[in-house]
Amino acid sequence: MSDDHDDSPIAARVRELEAMLEEKGLLDPRELDQVLEAFAHRASPANGFRVAARAWVDPAFRARLLENANEALPELGLSMGGGLQVQRLHVVENTEDVHNVIVCTLCSCYPLSLLGPSPTWYKSTAYRSKVVSHPREVLEQFGLTLPETTRIDVWDANAESRYMVLPRRPEGTEDLSEAELAAKVTRNGLIGTAAV
Ligand code: FE
């Protein structure tokens with residue numbers, strides 16, 4: 001944490017705050033580093049792949065996940081916590097009629113614990129501004145062409161709320177195991193810029 005080289009104003013303020021808390025004996029820097037490191041190691045798109053696969057094979061889990069994702073995640077040993085603040089996760093489900101895609105128009109909010117670090121394009125101004133006004137065109141740039149009859153819902157994340165897309169289960173996968181299904185899911189599928 002304190003030995004990285006982030007020169008942004010926010011990072012400078014965080015360093016200042018950390019130093020102040022350490023000085024007052026309110027914060028043990030080793031403890032904070034341990035918490036952040038443990039979180040970063042656990043944050044992986046493999047977590048999101050497991051969530052999607054479980055939702056495909058277990059309709060009751062799927063219902064719980066869509067209803068209250070924060071409560072359903074611990075069933076897979078996962079959570080939205082681990083960082084300094086717990087965020088509300090909303091899982092939005094793709095259907096024949098509706099396709100979902102996520103963005104953070106203000107900055108780069110992202111369900112890090114389930115998807116790992118966000119791709120560079122997710123943080124780009126081009127993606128953030130255009131996916132809201134022209135989602136169909138943006139998805140085509142990703143190679144995803146949706147039928148004209150499919151509605152596209154764009155979900156804008158913020159400090160309190162994060163979104164993850166539950167893709168549609170691919171056809172012809174009835175005989176696959178949950179682990180094999182998880183291997184079919186991609187990070188972009190969970191963002192909504194790919195079908196699966
Ligand atoms: Fe953001």
Side-chain angles (χ1 to χ4, degrees), residues 1 4-14 36-53 55 65-66 69-70 72-73 76 78-95 98-146 150-168 170 182-196:
M1 178 86 191
D4 62 16
H5 298 281
D6 189 339
D7 293 324
S8 67
I10 287 277
R13 282 175 61 191
V14 168
L36 293 173
E37 269 164 35
F39 177 67
H41 281 131
R42 286 197 308 265
S44 158
N47 295 333
F49 303 162
R50 282 172 58 216
V51 172
L65 182 73
L66 297 175
N70 290 65
L73 288 181
L76 295 180
L78 301 170
S79 80
M80 289 299 286
L84 298 175
Q85 184 194 352
V86 177
Q87 297 121 7
R88 171 66 50 193
L89 177 70
H90 303 276
V91 175
V92 286
E93 181 186 39
N94 288 346
T95 64
V98 181
H99 181 90
N100 298 283
V101 60
I102 66 169
V103 66
C104 175
T105 53
L106 271 186
C107 43
S108 56
C109 299
Y110 189 74
L112 183 72
S113 60
L114 299 176
L115 298 189
S118 61
T120 309
W121 56 258
Y122 184 84
K123 294 171 263 196
S124 71
T125 316
Y127 177 74
R128 284 159 42 212
S129 56
K130 209 176 167 203
V131 76
V132 176
S133 56
H134 297 85
R136 200 170 290 274
E137 285 173 29
V138 170
L139 295 183
E140 282 191 1
Q141 286 168 2
F142 278 92
L144 178 60
T145 302
L146 295 167
T150 302
R151 189 183 85 210
I152 303 173
D153 286 348
V154 182
W155 300 90
D156 192 359
N158 57 49
E160 293 87 36
S161 291
R162 302 295 151 94
Y163 296 90
M164 188 184 92
V165 175
L166 174 59
R168 295 174 71 193
K184 296 268 177 201
V185 187
T186 67
R187 182 198 59 195
N188 284 13
L190 301 175
I191 297 175
T193 51
V196 185

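Remember, predicted model here, so these are calculated numbers, not experimental data.
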- Leu190 side chain reached by Leu114 side chain, heavy atoms, under 4.5 Å: no
Quiz item: For Val138 and Trp121, what are the C-alpha separation, side-chain angles and deciding distance, and is it a side chain to side chain contact (heavy atoms under 4.5 Å, CB included)?
Solution: CA-CA 12 Å; Val138 170; Trp121 56 258; over 6 Å; no
Check whether any side-chain heavy atom of Leu65 lies under 4.5 Å from a side-chain heavy atom of Val51, and answer yes or no.
-> yes
Between Cys104 and Arg128, the two heavy atoms sitting closest are O-CG, 3.1 Å
Scanning both residues in full, the closest heavy-atom pair of Pro170 with Val196 reads CG-CG2, 3.9 Å
Closest heavy-atom pair, Arg88 versus Asn70, reported as atoms and distance to 0.1 Å, is NH1-OD1, 3.5 Å
Which of Asn100, Leu115, Val165, Val103 passes side-chain contact (heavy atoms from CB on, under 4.5 Å) with Ile191? It is Leu115
Hey, what's the ring geometry for Tyr127 with Tyr122, parallel, tilted or perpendicular (30° and 60° as the breaks)? tilted
>> Assess the residue pair Ser113 and Arg42 against the criterion (side chain to side chain contact (heavy atoms under 4.5 Å, CB included)); give the C-alpha distance rounded to whole Å, side-chain angles, the decisive distance to 0.1 Å, and a yes or no.
In response: CA-CA 7 Å; Ser113 60; Arg42 286 197 308 265; over 6 Å; no
Within-4.5 Å side-chain heavy-atom neighbours: Thr193 and Leu139:
yes
Between Pro117 and Tyr110, is any pair of side-chain heavy atoms under 4.5 Å apart? no
What one should report as the nearest heavy-atom pair of Tyr163 and Asp156 is CE1-O, 3.5 Å
- Just by distance, do the side chain of Asp153 and the backbone of Val98 share a donor-acceptor pair under 3.5 Å? no
